[in-house]
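What follows is a single structure, written as structure tokens, with notes after it.
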Amino acid sequence: MNVNRRVLTLDEFTIQQLRDFPNATGELSNLLRDIGLAAKRVNVEVNKAGLVDILGDAGNMNVQGEDVKKLDVFANNQFMGVLRHGISCAGIGSEELDDIAVFDDEISNQSKYVCLFDPLDGSGNIDVNVSIGTIFGVYRRVSEKGRPCTKADFLQAGIKQVAAGYIIYGSSTMMVYATRRGVNGFTLDPSIGEFTLSHPNIKCPLSGNIYSVNHGNFFQFGDGVKKYIDQCQKKNKSNGGPYSQRYIGSMVSDVHRNLIKGGIFMYPATTDKQNGKLRLQYECNPFAFLIEVAGGKATDGKLRILDIVPETLHQRSAFFGGSQHMMEELEDCMKNSN
Ligand code: P6P
């Protein structure tokens with residue numbers, strides 16, 4: 001009987017990918033499914049966040065009978081908990097943890113991968129009901145298999161990522177991730193509690209009409225960035241109108257919109273933040289990997305983000321990423337300015 005499945009769940013999709021790569025061990029597929037499971041648990045609490053005043057502040061018990069802590073700590077614990085008890089991750093680095101978390105047990109030490117997370121990016125927007133997200137990057141470990149993972153596993157250049165992506169907890173909850181084979185988006189179907197393939201083979205449009213930047217920092221930007229922003233304000237869309245400036249203040253939401261519609265997201269270095277604000281390992285690198293696989297570009301204004309070799313786990317970087325043609329226009333402005 002030919003069962004023609006039009007809508008694949010995340011589990012079915014990752015297992016189908018395995019059929020195309022019979023020699024694969026299935027560890028990466030397992031890992032991505034584990035991330036999807038933790039994301040569903042976070043989604044439940046994030047969607048209730050607006051009710052905290054009614055349900056009382058953190059400290060409630062959730063459906064799993066766990067104490068609900070501050071949401072970003074809760075989110076971190078969900079991802080760390082699922083991966084620690086899985087079979088595909090040797091440890092994690094996270095914005096919520098000062099140092100790496102080594103899952104030092106017999107099974108985890110045999111795992112091929114480590115993960116870096118921003119468990120709940122943009123969490124400052126929760127109380128005003130703006131979309132927030134989780135950002136993750138997956139690396140093949142460089143330390144000896146069978147032994148605990150080490151800091152070196154987490155300080156690899158972004159080009160070494162084997163997968164990267166984000167979950168956006170918005171009007172719908174989506175998980176979007178890239179492997180070298182492509183970028184695919186899955187929308188959570190609450191009726192079956194599964195992420196289902198809704199955006200296969202996402203490509204970032206080569207150009208767009210949206211630029212995203214915090215204009216409040218304008219006078220702190222370098223001349224090249226100012227010149228590009230001026231250009232955007234004078235540019236004409238195909239229908240003759242100026243570009244649109246869209247900035248939500250939640251990187252996952254801004255980059256997701258620009259990835260789908262075309263556009264450029266900028267968080268330049270400023271006089272206040274000379275190394276930029278965004279974290280290289282778990283904000284810039286995952287998005288840079290995903291944007292490049294989707295056909296866009298991502299730099300720090302000088303260097304390709306994925307080529308930067310990190311020195312510390314929480315180091316910051318300037319970040320410019322999005323449609324190829326818009327990035328090239330920005331680079332021209334920066335080349336010809338100091
Ligand atoms: P600003 C959220 O705090 C975040 O890390 C990103 O999600 C977002 O793009 C950026 O900071 C917003 O920063 O300084 O413009 O408020």
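Quick note: residue numbers are just sequence positions, from 1. All values derive from a computational prediction rather than experimental measurement. Note that ligands are numbered from 1 as they come in the structure, with each ligand's atoms numbered from 1 the same way.
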**Message:** Checking Y228 against S337: is there a side-chain donor and acceptor pair closer than 3.5 Å?
**Reply:** no
**Asked** Any idea which residues sit under 4.0 Å from ligand 1, heavy-atom distances?
**Response** D121, G122, N214, Y247, G249, S250, M251, F265, Y267, K277, L278, E283
**Item:** Sequence neighbours excluded - ring-ring contact (aromatic ring centres under 6.0 Å, His included) pairs with any residue from residues 297-324
**Value:** Y282-H314
**Item:** N43 versus N47, side-chain donor and acceptor atoms under 3.5 Å
**Value:** yes
**Asked** To which residues is I15 joined in a hydrophobic cluster, defined by side-chain heavy-atom contacts under 4.5 Å among Ile, Leu, Val, Met, Phe, Trp and Tyr, whether direct or through other members?
**Response** none
**Message:** Parallel, tilted or perpendicular: which one describes the rings of F13 and F186, with boundaries at 30° and 60°?
**Reply:** perpendicular
Show the atom names and distances, to 0.1 Å, of all donor-acceptor pairs under 3.5 Å that link a side chain in residues 98-105 to residues at least two apart or in another chain.
residue, atom, partner, partner atom, Å
D99, OD1, K151, NZ, 3.4
D104, OD1, N109, ND2, 2.8
D105, OD1, I107, N, 3.0
D105, OD1, S108, N, 2.7
D105, OD1, S108, OG, 3.2
D105, OD2, S108, OG, 2.9

